[in-house]
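All residue numbers in this chain count up from 1 along the given sequence.
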Amino acid sequence: MKKTQNSIKWRPAGAAFALAFTASIACAETPKFTVVEKGITFDSAEVDRMKPAPISYAPALEKVMPGVVTVRATSTVEQAAMNPMQEELYKRMFPGMPLDRAPRQQGGMGSGVIITPNGYILTNDHVAGKADEVKIELSDGRVFDAEIVAADSKTDVALLKIEAQGLTAVPIGDSAQVKVGDRVIAVGNPLGLDQTATLGMVSALGRDDLGITGGGYENFIQTDASINRGNSGGALVDVDGRLVGINTAIQSNMGGGNIGIGFAIPSNMALNIVQRLLDDGGEIKRGFLGVMLRELSEREAKAQGLDRAGAVLVNQVGPDTPASEAGFKAGDIIVGYQGKDVASMARLRLDISNTAPGKDVEFSVM
């Protein structure tokens with residue numbers, strides 16, 4: 001389970017009139033997944049918000065539990081070299097004993113979500129994406145060797161495949177319909193306790209700049225459903241048992257335990273990455289604009305007459321890039337993208353990365 005100690009950053013307010021620019025990239029819409037030839041089909045379902053909360057969540061979990069698996073990954077880890085002082089101390093403490101710097105085998109455990117009856121499993125890249133060997137244990141105790149079909153470290157998504165048929169797949173929900181305050185259930189294998197379910201609510205949406213993906217692309221659902229080590233890659237589902245997120249990380253104290261702040265990759269984002277990994281042969285082709293950006297400070301936003309958060313300043317425009325061809329200049333302020341207000345620099349960067357190179361999109365620019 002990954003942890004982040006970073007504090008949450010609040011954005012200043014701002015807004016404005018704008019001009020329309022066009023650049024050669026495109027925004028991904030809410031995905032529809034129909035990769036039938038690869039054995040994967042997805043059907044997003046809207047959440048009915050008028051139904052009262054259930055007395056028991058057992059009916060939802062009966063649909064989910066068989067589709068959540070234990071992922072055991074083994075990796076080869078190179079040992080770090082000693083500095084001269086450490087090496088000299090070692091020789092004094094263990095005279096005549098040679099240094100053993102041979103690579104070591106390291107094991108780890110996480111969770112995964114079955115997304116098709118023929119054995120495709122969604123999990124985190126940090127759980128299994130770089131492993132030498134991966135084994136999957138189903139809820140009924142059966143164990144399978146897994147193939148790593150594709151993985152993307154920048155979004156922390158990995159797709160595995162086992163040779164099995166007739167599996168119970170977790171129903172797919174539409175994470176775009178999730179709202180703050182919705183009840184959600186985290187299902188996985190925390191601390192080795194397989195088939196564990198914990199109840200909570202959606203605490204926030206669109207969390208980014210947390211450092212979880214190490215400079216990658218983040219747009220997390222925040223939840224207070226209890227998530228601990230081993231939950232990574234497991235399911236975050238709604239009260240009807242539909243997948244709305246992949247549990248990924250926690251913000252924790254020094255002890256590493258749950259303090260009610262967990263993060264999950266939205267299901268739409270995770271499955272969009274899966275689709276692109278399959279379509280692009282295991283490597284995602286991301287949109288590129290060619291600019292250096294930064295968010296406006298509150299004082300700068302007010303000076304520009306902005307009354308909402310999220311506007312992004314263009315610091316630099318690279319030569320021979322889509323941005324330079326579209327007419328972007330240093331000092332431009334991007335306030336809209338594809339007809340929507342820019343929420344933050346991180347979200348704009350994510351939207352651009354989610355596009356296919358060569359497509360046209362529209363920016364609103366001051």
Side-chain angles (χ1 to χ4, degrees), residues 28-36 39-54 56-69 111-117 120-124 139 155-159 167-188 195-207 218-227 231-249 262-278 350 354:
E29 298 177 351
T30 300
K32 294 181 175 62
F33 304 93
T34 55
V35 197
V36 178
I40 299 180
T41 58
F42 305 114
D43 181 17
S44 295
E46 291 192 3
V47 177
D48 181 356
R49 304 192 173 281
M50 300 306 293
K51 293 190 298 185
S56 172
Y57 299 97
L61 290 173
E62 286 172 0
K63 295 186 289 185
V64 174
M65 289 293 204
V68 178
V69 303
S111 305
V113 180
I114 299 173
I115 55 175
T116 66
Y120 280 98
I121 295 169
L122 192 58
T123 188
N124 288 135
S139 61
T155 53
D156 204 8
V157 171
L159 181 66
L167 302 177
T168 300
V170 175
I172 306 298
D174 183 359
S175 58
Q177 301 298 320
V178 172
K179 296 187 182 300
V180 174
D182 284 354
R183 284 283 192 180
V184 286
I185 307 169
V187 184
Q195 298 289 289
T196 294
T198 53
L199 178 66
M201 62 177 275
V202 174
S203 306
L205 298 170
R207 291 298 196 201
E218 300 180 350
N219 180 31
F220 291 106
I221 297 170
Q222 181 182 331
T223 178
D224 67 349
S226 183
I227 295 174
N231 271 119
S232 282
L236 187 71
V237 300
D238 63 18
V239 295
D240 291 316
R242 294 177 294 209
L243 184 73
V244 295
I246 299 296
N247 300 319
T248 299
F263 303 99
I265 302 168
S267 58
N268 286 4
M269 179 176 171
L271 293 170
N272 177 270
I273 294 298
V274 165
Q275 183 77 68
R276 293 167 67 190
L277 286 169
L278 292 172
L350 175 63
N354 277 339

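Using a 4.5 Å cut-off on side-chain heavy atoms (C-beta onward), S139 and Q195 make contact. Within the 4.5 Å cutoff, side-chain heavy atoms of V69 are placed close to those of I114. V202 has its side chain out of reach of K179: every pair of non-hydrogen atoms, C-beta onward, lies at least 4.5 Å apart. Side-chain contact between L122 and V170 is absent, with no heavy-atom pair separated by less than 4.5 Å. Residues M269 and L350 meet the side-chain proximity criterion, which asks for heavy atoms closer than 4.5 Å.
With hydrogens and angles ignored, the 3.5 Å screen pairs no side-chain donor or acceptor of T248 with any backbone N or O of A264. For the pair S175 (side chain) and N268 (backbone), a donor-acceptor distance under 3.5 Å is present.
K63 approaches D240 most closely through the heavy-atom pair NZ-O, 2.6 Å. A pairwise comparison of heavy atoms in P66 and E62 identifies CD-O, 3.4 Å as the closest pair. Contact record, M201 with T223: O-OG1, 2.9 Å, taken as the closest heavy-atom pair. Summarising the geometry of L243 relative to A235, their closest heavy-atom pair is CD1-CB, 3.7 Å, with the distance given to 0.1 Å. Closest non-hydrogen pair, P171 versus G241, comes out as CD-O, 3.5 Å. Smallest separation of non-hydrogen atoms from P59 and S56: CD-O, 3.7 Å.
With values rounded to the nearest 0.5 angstrom, N219 atom CG is found 8.5 Å from L205 atom CG. Here the CD1 atom belonging to I172 is positioned 5.0 Å from the CG atom belonging to L271, to the nearest 0.5 angstrom. T123 OG1 to N247 CG: the interatomic distance, rounded to the nearest 0.5 Å, is 10.0 Å. A distance of 7.0 Å separates CG of D174 from OG of S267, quoted to the nearest 0.5 Å. Once rounded to the nearest 0.5 Å, the distance linking CZ of F263 with CG of D156 reads 13.5 Å. How far CG of D238 is from CG of D182: 8.0 Å, rounded to the nearest 0.5 Å.
For the side-chain contact (heavy atoms from CB on, under 4.5 Å) with L236, the lone residue among V178, V184, V187, V113 that qualifies is V184.
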The test is side-chain contact (heavy atoms from CB on, under 4.5 Å); show your working for L159 and I115 and say whether it passes. CA-CA 10 Å; L159 181 66; I115 55 175; 4.0 Å; yes
Please lay out, stage by stage, how V274 and V157 fare under the test side-chain contact (heavy atoms from CB on, under 4.5 Å). CA-CA 8 Å; V274 165; V157 171; 4.2 Å; yes
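Scanning for side chain to side chain donor-acceptor pair (under 3.5 Å) contacts around S111 gives N189, with sequence neighbours left out.
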